[in-house]
Amino acid sequence: MKQQVKELINSLYLGKINKNEFLQIYFEGKSPDSKRLSELLKKGIVNEDRDIIEEAIVLLYTNSFPNSLFTNHLSELLLAQWHTKHEDIVSLLKDIANLNTIESLYEVTKLKLEYLDYDDTFQLARKSIKALSQINDKNAISKLKLILNDENEVISNYAKKELLKKGVQY
């Protein structure tokens, strides 16, 4: 990621600029471009470039793009272990609530990511379970039922809680 883009993202994070100002500067006064964002995601995935993925995630969080266009890229990224944006990606996928994300959301509940070793509350799994619940499809419900059998009781209990909210027998 270019230093100028890093500084721009930091300005957004620190509240020095708002989302609209960020987009105006990032796209050099032009309208936000979904094609450019798609190319950025592809480049980040192919090159396994964490910085590019962070840049793309920040752009997606501006809600200036139809995030559903990026479902496949996000699902692929969700299972990649070379970056640290898994929770952000799950949050984006939860908002999209697309049937095509069910398998990757389920699979991520089983990932053991080194950078999350400290997290004894398994928030990535919890967020993925909530995203599956948000989809509210019979396949998503069946994945929640499979998670009930997870050897990790904390993760299993998250699935129980979501199924109970839905009134689903297990």
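As the structure is a prediction and not an experimental result, all values here were calculated from the model. Heavy-atom basis, side chains included; hydrogens, waters and symmetry copies ignored.
The ring-ring contact (aromatic ring centres under 6.0 Å, His included) pairs that include a residue from residues 54-85 are His83-His86, where partners are two or more places apart or lie in different chains. Pairs of residues two or more places apart, or lying in two chains, that qualify as salt bridge (charged side-chain N to carboxylate O under 4.0 Å, His left out) and include a residue from residues 73-86 are Lys85-Asp88. The side-chain hydrogen bond (donor to acceptor under 3.5 Å, both in side chains) pairs that include a residue from residues 91-105 are Ser75-Ser104, Asn98-Asn100, Glu103-Lys143, where partners are two or more places apart or lie in different chains. Within the structure, salt bridge (charged side-chain N to carboxylate O under 4.0 Å, His left out) pairs that include any residue of residues 4-19 do not occur (at least two apart or interchain).
Side-chain atoms of Asn136 and Ile141, non-hydrogen and from C-beta on, do get closer than 4.5 Å to each other. Side-chain contact between Ile147 and Tyr158 is absent, with no heavy-atom pair separated by less than 4.5 Å. For the pair Asp51/Val5, no side-chain contact is recorded, criterion being any heavy-atom separation below 4.5 Å from C-beta on. A 4.5 Å side-chain heavy-atom check between Leu116 and Leu111 finds every atom pair outside the cut-off. Leu8 has its side chain out of reach of Gln4: every pair of non-hydrogen atoms, C-beta onward, lies at least 4.5 Å apart. Using a 4.5 Å heavy-atom threshold, the side chains of Thr109 and Leu105 count as separate. Under the 4.5 Å side-chain criterion, counting only non-hydrogen atoms from C-beta, Leu37 is in contact with Leu60. Residues Leu41 and Leu77 are in side-chain contact: their nearest non-hydrogen atoms beyond the backbone lie under 4.5 Å apart.
Interatomic distance, Ile129 CD1 to Phe122 CZ, rounded to the nearest 0.5 Å: 11.0 Å. Distance CD/Glu114 to OG1/Thr84: 12.5 Å, rounded to 0.5 Å. Between atom CD1 of residue Ile102 and atom CG of residue Asp137 there is a gap of 4.5 Å, rounded to the nearest 0.5 Å. With rounding to the nearest 0.5 Å, the separation of OG1 in Thr121 from CD1 in Ile155 is 10.0 Å. One distance of note links OG1 of Thr62 with CD1 of Ile57; it measures 11.5 Å at 0.5 Å rounding. Separating the CD atom in Glu87 from the CG atom in Leu92 is a distance of 12.0 Å, to the nearest 0.5 Å.
Nearest heavy-atom pair, Asp150 versus Asn152, reported as atom, atom and distance to 0.1 Å: OD1-N, 2.7 Å.
The number of heavy atoms from other shown groups lying within 6.0 Å of NZ (Lys43) does not exceed 12. Crowding of Gln3 atom CD: a count of heavy atoms from other residues, nucleotides or ligands under 6.0 Å exceeding 12. For NZ of Lys112, the number of neighbouring non-hydrogen atoms (other residues, nucleotides, ligands) closer than 6.0 Å is greater than 12. Around the CG atom of Asp119, the shell of radius 6.0 Å holds more than 12 heavy atoms that belong to other residues, nucleotides or ligands. Counting non-hydrogen atoms of other residues, nucleotides and ligands closer than 6.0 Å to NZ of Lys161 gives a total of 12 or fewer.
Partners of Lys130 by side chain to side chain donor-acceptor pair (under 3.5 Å), not counting sequence neighbours, listed by chain and number: Glu162.
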(request) Go through Ile96 and Leu74 one step at a time and tell me if the side-chain contact (heavy atoms from CB on, under 4.5 Å) criterion holds. (result) CA-CA 11 Å; Ile96 296 169; Leu74 293 172; 4.1 Å; yes
(request) Report the C-alpha separation of Val58 and Leu12 in whole Å, then their side-chain angles, then the decisive distance to 0.1 Å, and conclude whether the side-chain contact (heavy atoms from CB on, under 4.5 Å) test is met. (result) CA-CA 9 Å; Val58 170; Leu12 179 65; 3.8 Å; yes
(message) Apply side-chain contact (heavy atoms from CB on, under 4.5 Å) to residues Ser133 and Leu144 and explain how you reach the verdict.
(response) CA-CA 8 Å; Ser133 182; Leu144 289 172; 4.2 Å; yes
Taking distance alone, no hydrogens or angles, what donor-acceptor pairs closer than 3.5 Å link side-chain atoms of residues 20-32 to residues at least two apart or in another chain?
{"from": "Glu21", "atom 1": "OE1", "to": "Asn18", "atom 2": "N", "distance (Å)": "2.7"}
{"from": "Tyr26", "atom 1": "OH", "to": "Glu55", "atom 2": "OE2", "distance (Å)": "2.4"}

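Not a single donor-acceptor pair under 3.5 Å links the side chain of Ser38 to the backbone N or O of Ser34.
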